[in-house]
Amino acid sequence: MFGRLTGDERAGAASSDGDDEASGERVLCLFDSGEATDGRFVQVAAAMADGGRFVVPVDGAATAQSLKPESTRSPVEYETRFLERPSAITTEWVVDVVNRFDISIIFDIRDRQSVLGGGELALATGRTHVTVTPGTEVESLSSCLVPVARGPHLDETLDVARAIGESHDAWLDLFHVEDGDPQAETDALFDYCADRLGDFDAFDTWQYDGWSPAQAIVEQSSYYDATVIAAPCKGRLREFVDGSTIEVVQSLCENSVVTVRSGDVDCSRLGRWLGEFLAPKR
């Protein structure tokens with residue numbers, strides 16, 4: 001079921017797929033072949049694998065060589081595992097790769113039409129799933145709008161935003177649309193975010209007064225190179241009735257939209273259709 005490791009890479013792989021040598025995150029990076037791939041986000045995925053393992057299906061040895069740590073601009077170290085790209089990336093194929101290589105994060109940079117939507121990969125694998133909806137091409141990735149709110153995907157969203165900040169020396173604006181919460185709760189949210197970001201300090205917090213989070217995010221996103229946002233917490237039925245902030249943001253934002261969905265959320269397909277996500281298992 002697995003493609004073999006590409007020629008020169010086989011010798012560089014550890015003797016056992018299930019070894020414990022890699023202590024950091026184990027990232028599976030999915031991207032389209034060809035020059036259309038945004039290498040900046042491949043670099044972000046590699047940064048998240050720092051100290052861990054970077055697993056990528058590729059279509060040739062040249063692509064594999066370009067993804068080795070010594071060939072990237074980020075000062076990171078990771079194990080590389082390269083698989084031959086299958087003719088079609090299916091849920092079953094991804095689940096097998098996740099299980100074999102003990103993947104913790106799936107970073108999906110494929111064209112939007114080819115990405116498995118609705119969080120199916122997160123649900124099927126129980127792993128964090130990050131998707132990138134490409135926007136207007138920019139020369140750098142130096143600033144990110146990071147809308148924040150309480151929810152089961154907040155931690156992973158902040159982790160991805162930090163990886164962008166560290167790998168591209170980017171500034172983060174943590175953006176919360178005021179929805180009537182007491183000021184103390186908003187302050188507590190920003191304090192929590194700051195704690196999660198740890199010693200990363202290239203960020204600011206911004207409380208925005210507005211009636212529509214989606215409208216506010218779309219309007220402000222044009223001033224940033226990327227928007228990093230958590231996947232929706234409400235079920236599909238409620239999204240149908242109330243509208244989906246994520247779909248509006250992905251469709252209307254001019255910049256690239258990075259959507260983060262935690263796999264560590266206890267929610268069945270029926271629950272995801274009818275109601276709210278339950279709390280994370282932590």
Side-chain angles (χ1 to χ4, degrees), residues 1-3 6 25-49 53-60 62-64 66-67 72 78 80-101 103-138 141 144 153 156-157 159-161 163-164 167-168 225-232 244 246-247 249-263:
M1 181 173 294
F2 292 93
T6 56
E25 299 286 2
R26 303 179 183 218
V27 179
L28 170 63
C29 186
L30 305 174
F31 58 86
D32 295 318
S33 59
E35 297 180 357
T37 298
D38 192 331
R40 295 168 305 174
F41 288 107
V42 176
Q43 186 179 344
V44 174
M48 298 197 73
R53 176 176 293 162
F54 196 46
V55 179
V56 190
V58 296
D59 53 9
T63 304
S66 70
L67 295 172
T72 64
Y78 47 79
T80 52
R81 295 286 198 279
F82 298 109
L83 308 175
E84 282 189 353
R85 186 189 303 277
S87 57
I89 294 178
T90 64
T91 300
E92 292 74 19
W93 185 87
V94 172
V95 168
D96 279 335
V97 173
V98 165
N99 290 337
R100 183 175 180 182
F101 294 99
I103 298 297
S104 52
I105 299 171
I106 303 168
F107 209 100
D108 212 331
I109 319 176
R110 293 173 295 159
D111 180 79
R112 186 178 181 187
Q113 293 182 345
S114 66
V115 172
L116 299 172
E120 294 302 320
L121 287 183
L123 186 66
T125 63
R127 302 298 191 270
T128 295
H129 185 208
V130 182
T131 59
V132 178
T133 304
T136 303
E137 186 174 344
V138 293
L141 193 60
C144 293
H153 311 297
E156 287 75 14
T157 301
D159 292 346
V160 172
I164 294 175
S167 61
H168 291 278
D225 298 326
T227 298
V228 185
I229 190 169
S244 170
I246 299 300
E247 289 186 0
V249 169
Q250 290 176 334
S251 299
L252 299 183
C253 279
E254 296 179 359
N255 63 7
S256 295
V257 178
V258 182
T259 306
V260 185
R261 183 185 299 272
S262 172

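For this chain, numbers begin at 1 and follow the sequence in order.
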In terms of heavy-atom contacts, Pro57 and Pro86 come closest through CB-CD, 4.3 Å

Could you state the interatomic distance from CD1 (Ile229) to NE2 (His153), rounded to the nearest 0.5 Å?
11.0 Å

Flag side-chain contact, heavy atom, 4.5 Å: Val130 against Ile105:
yes

Just by distance, with hydrogens left out, do Ser104 and Glu25 show a side-chain donor and acceptor under 3.5 Å apart?
yes

State the OG1-CG distance between Thr128 and Asp159, to the nearest 0.5 angstrom.
8.0 Å

Between CG of Leu30 and CG of Leu121, what distance do you get to the nearest 0.5 Å?
7.5 Å

Interatomic distance, CZ@Phe31 vs OG1@Thr63, rounded to 0.5 Å, equals 6.5 Å

Contacts of Thr157 meeting side chain to side chain donor-acceptor pair (under 3.5 Å) (sequence neighbours excluded), chain-then-number -> none

Tyr78, Phe82, Phe107 screened by ring pair (Phe, Tyr, Trp, His ring centres under 6.0 Å) with Phe54, the one that passes:
Tyr78

When rounded to the nearest 0.5 angstrom, what distance separates OG in Ser262 from NE2 in His129?
12.5 Å

Nearest-0.5 Å distance that lies between atom SG in Cys29 and atom CD1 in Ile106
11.5 Å

Would you say Glu156's side chain and Val260's backbone share a donor-acceptor pair under 3.5 angstrom?
no

Could you work out, with side chain to side chain donor-acceptor pair (under 3.5 Å) as the rule, every residue matching Thr125, not counting sequence neighbours?
none

Would you say Arg127's side chain and Val98's backbone share a donor-acceptor pair under 3.5 angstrom?
no

Please check if any side-chain donor atom of Asn255 sits under 3.5 Å from a side-chain acceptor atom of Thr227, or the reverse.
yes

Please report the C-alpha distance between Val55 and Arg26 in whole Å, then the side-chain angles of each, then the deciding distance to 0.1 Å, and finally whether the side chain to side chain contact (heavy atoms under 4.5 Å, CB included) criterion is met.
CA-CA 8 Å; Val55 179; Arg26 303 179 183 218; over 6 Å; no

Listed by chain and number, what are the side chain to side chain donor-acceptor pair (under 3.5 Å) partners of Thr259, not counting sequence neighbours?
Gln250

